[in-house]
Amino acid sequence: MKKIERLFLVFPILILFFIMVNLIWFFEKHTWQSIGSLLFFTYLFPVFCARVVLKIWPIKEGGSIFGGGRGFSSWLILHRIQLI
């Protein structure tokens, strides 16, 4: 497994961590920055990461084989991003 695949393996947990930190920040200080940051990490950051993955590693047409050390699977990474 490549390093980038390991990073995206914990991507849903990382996003949930960011959301929890922003919720705590929002409850402590009711500011526009806390609301904006919460909305960014909830809705825009996963979409931004998905666009970056598609730009760097486009999905090829046809079947995909997962596992077995056959290379990087952008389809699987996008699936993990959508788990959020």
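Heavy-atom basis, side chains included; hydrogens, waters and symmetry copies ignored. Please read these numbers as outputs of a predicted model, since none were measured by experiment.
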Practice problem: Mind jotting down which residue pairs meet the side-chain hydrogen bond (donor to acceptor under 3.5 Å, both in side chains) criterion with at least one end in residues 35-51? Sequence neighbours excluded, please. | Solution: Asn22-Ser37

Least distance between heavy atoms, [X] atom then [Y] atom:
X     : Y     : value
Phe26 : Ser34 : CD1-OG, 3.5 Å
Phe41 : Ile15 : O-CG2, 3.7 Å
Phe40 : Pro46 : O-CD, 4.4 Å

Same cluster (ILVMFWY, side-chain, under 4.5 Å), [X] and [Y]:
X     : Y     : answer
Phe11 : Ile56 : yes
Leu78 : Val52 : yes
Ile19 : Phe48 : yes
Leu23 : Phe45 : yes

Quiz prompt | Rounded distance [0.5 Å steps], CD1 in Ile81 versus CG in Leu54 | solution = 8.0 Å

Quiz item: Taking only residues two or more places apart in sequence, or in another chain, which ones meet Leu14 in a side-chain contact (heavy atoms from CB on, under 4.5 Å)?
Solution: Phe18

Self-check item: Leu39 vs Leu44 side-chain heavy atoms within contact, under 4.5 Å
Solution: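 A side-chain contact is absent here, since even the closest heavy-atom pair is not under 4.5 Å.
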
Practice problem: Could you tell me which residues satisfy ring pair (Phe, Tyr, Trp, His ring centres under 6.0 Å) with Phe17, sequence neighbours excluded, listed by chain and number? | Solution: none

